[in-house]
2 protein chains.
Amino acid sequence: MSVAIENFVKAIYNNDKHDIKDTKPGNIAKKLGISNAAATDMAKKLAAKNLLNYEKYQALQLTEQGTKMALNVIRKHRLWEAFLFKMFDMTLHDIHREAELLEHQTSDLLAEKISEYLGHPKFDPHGDPIPNANGEITTEDTSISLAEAVEGKTYTIARLMSDDKEFFEFCAQNQIRYRNTLTVSKQFIGNKMTQISIGSNTIVLNEDFTKIIYVDEN
Amino acid sequence: MSVAIENFVKAIYNNDKHDIKDTKPGNIAKKLGISNAAATDMAKKLAAKNLLNYEKYQALQLTEQGTKMALNVIRKHRLWEAFLFKMFDMTLHDIHREAELLEHQTSDLLAEKISEYLGHPKFDPHGDPIPNANGEITTEDTSISLAEAVEGKTYTIARLMSDDKEFFEFCAQNQIRYRNTLTVSKQFIGNKMTQISIGSNTIVLNEDFTKIIYVDEN
DNA sequence: ATTTATTTTTAAGTAAGCTTAAATATTTTA
DNA sequence: TAAAATATTTAAGCTTACTTAAAAATAAAT
């Protein structure tokens with residue numbers, strides 16, 4: 001399938017899971033940076049290909065086939081992230097950008113080789129679950145946003161939910177990495193600022209950052 | 001640049017170097033599997049972009065800019081081949097197919113990371129030279145076709161000049177690999193059949209195969 | 001040196017994946 | 001609940017990268 005189609009079903013899948021849970025054409029268009037008209041157009045085409053259900057003015061819903069395609073692309077994306085993260089010294093943001101391109105040009109064979117090399121990992125370096133070759137994906141998620149974390153407790157970083165360059169540069173500089181351990185040492189200004197200890201560092205995070213860092217209680 | 005454009009300049013570059021040394025639209029079209037009309041069309045477009053010189057009925061000639069683009073893509077292709085060959089157990093044919101796709105979706109940064117990881121190799125697993133980041137490429141080549149090799153002499157495999165699946169499966173089964181050593185033990189039926197020893201194996205090659213294996217005298 | 005064959009070019013047309021503008025439907029809010 | 005705001009759809013049009021068919025030029029062969 002074409003890059004445009006793969007990105008379209010991926011956007012629907014992701015929107016459905018995390019974001020605003022709104023998969024109407026306008027939201028998908030916004031996410032992909034295309035016009036609403038283009039999204040409606042594409043929706044009709046993909047409905048004809050049985051990748052999604054389209055009814056005028058309704059939210060777009062992936063069919064089983066469409067979901068399978070989305071998970072196949074997401075698998076490749078996350079495997080590339082894990083692989084590049086392991087092999088090369090690059091920021092998570094750069095790795096994300098590479099994976100965004102490579103995911104569409106990767107055979108199932110190569111994906112399997114990468115997965116095998118990495119020991120069939122279940123999560124990528126953002127903490128996102130990696131679908132297996134059959135399109136099965138771990139859905140259980142006990143993590144909470146750092147914004148809801150409790151002063152004095154110790155946590156493990158479960159997810160870095162962002163594509164933002166600045167955020168990942170900040171992460172790289174402050175040992176904020178998937179599976180690292182941190183302790184919440186102080187919450188202040190109405191819980192909008194959070195001071196954490198991570199490794200030997202003590203840093204203060206603003207609200208924006210605490211909202212996109214997800215943690216599991218230790 | 002688009003995939004179509006990158007493949008077009010690459011085809012011209014390669015035709016100019018190895019093949020029939022004919023870069024007229026029809027030959028490029030044949031190589032790319034598109035119609036002659038499409039090739040002429042593209043040639044005009046690329047001339048407008050200063051990637052090649054186009055004159056009616058004449059061979060296509062890459063400009064400096066076009067050559068640079070071709071070498072940049074070829075660099076990425078060959079780095080991927082070298083990298084995948086090192087990392088994964090895949091046939092040269094499979095590796096070639098993956099590289100053919102990945103080459104167009106690889107940033108200069110990632111190419112550099114791969115090159116660095118491999119210790120800036122000068123040749124890929126087919127024995128093709130890898131252009132450096134400045135678009136400089138090793139051109140010296142002392143190798144001869146195995147069809148011209150001499151009975152009794154020992155050679156090093158310098159180049160496997162093919163994209164053919166069956167050929168590479170044969171290679172994989174018979175230790176025919178870039179830089180391996182072989183001895184020509186017998187030439188017969190008017191030098192059309194060549195018997196070689198490679199490792200502990202003795203195998204007979206037909207004319208087709210001897211023509212695409214290039215060797216250096218030891 | 002003509003005829004014949006082959007290549008190249010031109011012309012017209014197609015599909016994919018977009019755009020903007022206008023019409024229509026839905027949602028919000030006063 | 002009617003008006004205003006927002007979203008969605010339709011319509012028309014664009015660009016890229018192709019296609020086939022026919023015309024024109026070049027190359028090969030008798």
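It should be emphasised that the depicted structure is a prediction, and the values quoted were computed from it without experimental measurement.
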| said: Once side-chain contact (heavy atoms from CB on, under 4.5 Å) is applied, do any residues pair with A/Asn36, and if so which ones, sequence neighbours excluded? | reply: A/Ala29
| query | Taking NZ from A/Lys24 and C1' from D/dT9, how many angstroms apart are they, rounded to a whole number? | reply | 13 Å
Under 3.5 Å, N/O pairs linking protein and nucleotides 1-3 of chain D:
none

| query | Of all nucleotides in DNA chain C with an atom under 4.0 Å from a non-hydrogen atom of chain A, which is the first and which the last going 5' to 3'? | reply | C/dA16 to C/dT27
| task | Would you list the pairs meeting side-chain hydrogen bond (donor to acceptor under 3.5 Å, both in side chains) in which at least one residue belongs to residues 37-50 of chain A, sequence neighbours left out? | result | none
| task | Could you list the residues that satisfy salt bridge (Lys or Arg N to Asp or Glu O under 4.0 Å) with B/Asp108, not counting sequence neighbours? | result | B/Lys76
Only pairs under 3.5 Å count here: list side-chain donor-acceptor contacts from residues 114-121 of chain B, not counting sequence neighbours, and write none if there are none.
residue	atom	partner	partner atom	Å
B/Ser115	OG	B/His120	ND1	2.7

| task | Could I get the full list of side chain to side chain donor-acceptor pair (under 3.5 Å) partners for A/Glu98, not counting sequence neighbours? | result | B/Ser107
| query | Who are the ring pair (Phe, Tyr, Trp, His ring centres under 6.0 Å) partners of B/Tyr178, not counting sequence neighbours? | reply | none
| field | Pair A/Ser143-A/Asp141, side-chain donor/acceptor within less than 3.5 Å | value | yes
| said: I'd like to check the salt bridge (Lys or Arg N to Asp or Glu O under 4.0 Å) partners of B/Glu81; sequence neighbours left out, ordered by chain and number. | reply: none
Distances under 3.5 Å only, N/O to N/O: pair up the protein atoms with those of nucleotides 18-25 of chain D.
residue	atom	partner	partner atom	Å
D/dT19	OP2	B/Ser35	N	2.8
D/dT19	OP2	B/Ser35	OG	2.7
D/dA25	O4'	B/Tyr57	OH	3.2

| note | Residues passing the side chain to side chain donor-acceptor pair (under 3.5 Å) test with A/Asp216, sequence neighbours excluded, are A/Thr142
| query | Under the salt bridge (Lys or Arg N to Asp or Glu O under 4.0 Å) test, which residues partner A/Lys30, sequence neighbours left out? | reply | none
| said: Under 4.0 Å, counting only non-hydrogen atoms across every strand here, what does B/Lys44 touch: a base, just sugar-phosphate, or nothing? | reply: sugar-phosphate
| request: Could you check whether B/Tyr54 gets within reach of a base, just the sugar-phosphate, or nothing at all, counting any heavy atom under 4.0 Å? | output: sugar-phosphate
